[in-house]
Amino acid sequence: MLKAASSLGVIFFPAFDWAISPTHPEREERLLYTQDQFREEGLFDVEGISEHRPLFATDQDIMRAHFCFPSVDAICTESHRISAGGAIQAARLVLEGETRRAFALVRPPGHHAMKVVHGNRGFCNINIEAVMVEWIRAHYGAKRIAIVDTDCHHGDGTQDVYWHDPDVLFISLHQDGRTLYPGSGFPYENGGPRALGKTINIPLPPRTSDEGYLYALENVVLPILADFKPDLIINSAGQDNHYSDPITNMQFSAQGYARLNELLKPDIAVLEGGYSIKGALPYVNLGICLAMAGCDYSGVREPDFNAAALREEPETMEYIKQSCGPLLDGYFHPARGDFEKQGEYFVRERKIYYDTDGILEKQREELKDCEHCRGLRLIKTSSSQILPCLGVELPIDCCPACEREGYEAFNRKGDEFLVAQMLDQKNKQFAYRPKG
Amino acid sequence: MRIGIDIGGTHTDGVLIAGTRLVAAAKAPTNHDNLLESISAVLQAILTDQDPARVQTLNLSTTLTTNAIVTGRIDPVGMLVVGGPGIAAKHYRIGEHFHLIYGSLDHLGTETSALDEQDLEEAINACCEQGVKCFGVASKFSPRNPAHEDRIREELGDRADFVSLGHLISGQLNFGRRIHTVYYNSAVWRTFRAFAGALAASLQGFDLQAEVNILKADGGAVPLTRAMDAPVQSIFSGPAASVMGILATCTADADLLMLDIGGTTSDIALFAGGEPLLEREGIAIEGRPTLVRAIRVESIGIGGDSLIHLDGAEVKTGPQRLGPCMATGGSAPSLMDALNVLGLADFGQTERSREGLEALAAQHHLEARTLAQAAVDAALNAIAAKIETLVRMVNSKPVYTIHEILEDREITPKKLIVIGGPAAVFKELLAARLGMEVIVPPLHGVANAIGAALARATSHLALTANTSRGQLSAPMLGIFRAIPRGFSLQDAIDEARRLLKADLEQAGVTIAAEEIQITQADAFNMVDGSYTSGKNIRVVAQVRPAVVARLELDAAAVPVRFAGQS
């Protein structure tokens, strides 16, 4: 009988009664065959691998991570709260020491959900990793956390949530944004003025296979992690780099995914995308679980796997090797971006499109260039669906001046904002402005 | 009238029941080398002055298969296993004749590599050369497609006396458990067959014409003739008989707990809304998980004979047992002795209990009563902790739908039913420790036999349908056939009910339609590209464990006869 070298808790929640629409990739059937494979393999009979049910994310849990407009309920259905609750359960298992590692195999996903949420982007409503990370910090104090996003799509949502946070290192490996949704994730996107180099983007050319992907992991990601020395490593584990995925163009395999997790050694993994539900997910998920548990995964193989046919072209491999040096250097010597400044505020004005819900958001972010703390952040946002709303975020080390200014903005009567939300990391206060 | 016989580790109990009335009860020592002798002894006692021809049913719960496995009196089994990609089949190696045959199926049942005929022939020859006549056959994903298992059965032909095929044992997925299950099933087959033959002959001697059933680990009765195909199901039926005994003697309509206190160990079971909970997938045999359906019973190393010992300054009770308690001639003080010293029990030679406790206490500079109290507290704490863990685990069992997360009712037992020898002694102690109502039902001494007597048939069936491929399968019945594209979830539910009912009728069991529960009914839209290609339907139907009647409470008036003591 097989035995786990490091214990693993799996929160398997396939949400068999939830879909975006009946034929949408994010539908009831998505984890059905993964469940069949797990059951047939007897994964939860392996000593040291256990199955757990998700917790349920509350309004407070979500408001620690997001500005939801006009309200949390308008953005989140029960499915999103349970999916985020699955990630929270994974964190709880690990931080309470019940299991050495945990994998939240839950849906719907979350890594395209940004700090401000008006609706669904890229199948995501709330960022389940971010809700989890904030839950960890709220319950276990300040932690240095590394999120490594291995989904094929750029984790633009997670990048946005932690853009200004120097305590959270965000690394995304993904298919080059010039060839795939959401079209971002270039190396020059390297963090806000107060968190330079704490966002790392590693775009990979289409048709990258196991060798190229793992080369980037070993030559960029692992050295950066060794320097950053996080308390926790989180794998934002999409499975759509797989060669059979219907909506991407990569050539990664189940063996590659297992090796990735063996090398990365994440404390927590959270499922993101991956829509080859018959040909990839059953094998990739099995490979990830076995690798995380320190079990032999050498027998995990897709029925149609052909290593020779999937291997990347020499030019692709050469391109990846060439790009790794500058990418690593970008962490140690981050180039300072072209930050616009008005008075004592850094200002960003953006338009964000929510593809799933067809919403266009207009956003103005102001970050105070404060000498005493990370700076008060004000986000003014409106969309094709909603009047202007205000988000006020006080950082964990907020100084008295920023705190006063933030609360003044939040409590100002008769301003132009339909809704205002306070995200006070310092005093752990998360609230909407009372009506009237 | 019905007869129930429970062959336990120490005693064999028998009862005769007419309708809801207990007519006779008897106990005899269990002779593990000759179970028929023990059966005959209790039959003799309970049939005194009775007309055997009026007995319609005889249900038997036996340790036969359990003991055969524990003592190693089993047949060698030729294991023919087809693995394929994933967790390697070698990790499930069991027995001395374990052979891997190359070939594989995927999760949809598609053959991804053909069965290697040469591997197969070599494996069978190797088994035959070593005189192996019983075989276990299991392929990964065989409930999705039995082709490889069927082919192996065909190739074995008459070279095998008995073959267990994985897909016929259970329709549930779990390759490792399937391997273990076919192994144990084939390993105990010959022992079971010999016993069944001798039993039939023995019953004729009593002029019994009754239909004979064997109690299964899930608390259901299965006709002896049918038990021959799957003798492994009769394993661990003792705890199941206890649970059925609760159903037969108590009002079980709420969440409640059962504690069966024995000499070495105690068993704990949980009833949700009065229904005993089953293991999710199946019971483990010798630490090997199987697909044998079973009532979920947690065992704890606390019993009347549990040894009292000190670990540093901490007083511990169990899990070791060094023979009986001192009050009945043992050599070291046990839990029962502590109860004697505290005046909570008056069992055997209480003076010896006192001497034993005093001697141990003196060694550690303690008062005997202090030591006794600490030992009883340790036992109660261990029981309370086990109960708490069981309830927490059941309440945190995984679920797969949003509906279940939101609607699942938490199980909160408020009542504990205690059976077993020292049950009455523990009643008040447990009530105080657990803060629950504690009940000791009348006639708890033969509750297991009563449970066996009144147990009805159980059954289950897993059915899957894939309308995109136009296939329906009910693996346990060997049914794999075509269906039309329009086959619906309701069609599948109706079919599962019909098949389950027909299968039970074939075994001679009639069951009302409403007794069949549908425990899973899901239909998944299957999408290829962006078009719906069909539905993937999964239905599980079951007849849950239940009793045919509840005993009248004045049953306590019937004396238990002690039979066959030499």
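Convention: sequence-line order gives letters A, B, ...; per-chain numbering from 1.
- To the nearest 0.5 Å, atoms CD (A:Glu40) and CZ (B:Phe141) are separated by 5.0 Å.
- A salt bridge (charged side-chain N to carboxylate O under 4.0 Å, His left out) check over residues 84-99 of chain B, counting only residues at least two apart or in different chains, returns nothing.
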Let's go through A:Phe13 and B:Ile405 carefully: what are the C-alpha distance in whole Å and the side-chain angles of both, what is the deciding distance for side-chain contact (heavy atoms from CB on, under 4.5 Å) to 0.1 Å, and is it a yes or a no? CA-CA 10 Å; A:Phe13 188 72; B:Ile405 292 254; 3.7 Å; yes

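- To the nearest 0.5 angstrom, A:Asp45 atom CG is 5.0 Å from B:Asn174 atom CG.
- Judged by distance alone, with hydrogens and angles left aside, the side-chain atoms of A:Glu29 form no donor-acceptor pair with the main-chain N or O of B:Phe524 at under 3.5 Å.
- Using a 4.5 Å cut-off between heavy atoms, A:Phe56 touches chain B through its side chain atoms alone.
- For A:Pro25, no part sits under 4.5 Å from any heavy atom of chain B, backbone or side chain.
- The environment of A:Glu47 atom CD is sparse: at most 12 non-hydrogen atoms of other residues, nucleotides or ligands sit within 6.0 angstrom.
- Looking at every heavy atom in both residues, B:His91 comes nearest to A:Asp296 through NE2-OD2, 4.2 Å.
- Between A:Glu41 and B:Lys140 there is a salt bridge, with a side-chain nitrogen of the basic residue lying less than 4.0 Å from a carboxylate oxygen of the acidic one.
- For chain A, the option among B:Arg178, B:Glu404, B:Arg288 with the highest count of heavy-atom pairs below 4.5 Å is B:Arg178.
- Neither the backbone nor the side chain of A:Glu302 comes within contact range of chain B; no heavy atoms are under 4.5 Å apart.
- Looking at A:Pro22, both its backbone and its side chain come within 4.5 Å of chain B, counting heavy atoms on both sides.
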Apply side-chain contact (heavy atoms from CB on, under 4.5 Å) to residues A:Ile277 and B:Met526 and explain how you reach the verdict. CA-CA 10 Å; A:Ile277 64 174; B:Met526 299 175 77; over 6 Å; no

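- Options A:His24, A:Arg301, A:Arg27 differ in how many heavy-atom pairs under 4.5 Å they form with chain B, and the most are formed by A:Arg27.
- Counting heavy-atom pairs closer than 4.5 Å to chain A, the top-ranked of the candidates B:Gly86, B:Pro289, B:Pro85, B:Gly287 is B:Gly86.
- One distance of note links CG of B:Leu406 with CZ of A:Arg81; it measures 10.5 Å at 0.5 Å rounding.
- With salt bridges taken as basic N to acidic carboxylate O contacts below 4.0 Å, none links A:Arg39 and B:Glu281.
- Contacts between A:Phe12 and chain B at a heavy-atom distance below 4.5 Å involve backbone atoms as well as side-chain atoms.
- Heavy atoms of B:Asp522 lying under 4.5 Å from chain A are absent altogether.
- At a heavy-atom cut-off of under 4.5 Å, chain A is reached by B:Asp106, B:His107, B:Leu108 from residues 102-110 of chain B, listed in order of number.
- Note that CG of B:Asn536 is 8.5 Å distant from NZ of A:Lys278, once rounded to the nearest 0.5 Å.
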Report the C-alpha separation of B:Ile402 and A:Phe16 in whole Å, then their side-chain angles, then the decisive distance to 0.1 Å, and conclude whether the side-chain contact (heavy atoms from CB on, under 4.5 Å) test is met. CA-CA 8 Å; B:Ile402 291 162; A:Phe16 281 152; over 6 Å; no

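- Contact tally against chain A (heavy-atom pairs below 4.5 Å) for B:Arg144, B:Arg177, B:Arg538, B:Gln172: the top residue is B:Arg538.
- Of the listed residues B:Gly83, B:Gly84, B:Pro398, the one with more heavy-atom pairs under 4.5 angstrom with chain A than any other is B:Pro398.
- Each of B:Ser113, B:Ala88, B:Ser396, B:Ala284 has some count of heavy-atom pairs under 4.5 Å with chain A, and the biggest count is that of B:Ser396.
- Checking side-chain atoms of A:Asp17 against main-chain N and O of B:Thr401 turns up no donor-acceptor pair under 3.5 Å.
- When each of B:Ile94, B:Thr112, B:Ile87, B:Val399 is scored by its heavy-atom pairs under 4.5 Å with chain A, the top score falls to B:Ile87.
- Within the 3.5 Å criterion, the main-chain N or O of B:Asn395 finds a donor-acceptor partner in the side chain of A:Arg53.
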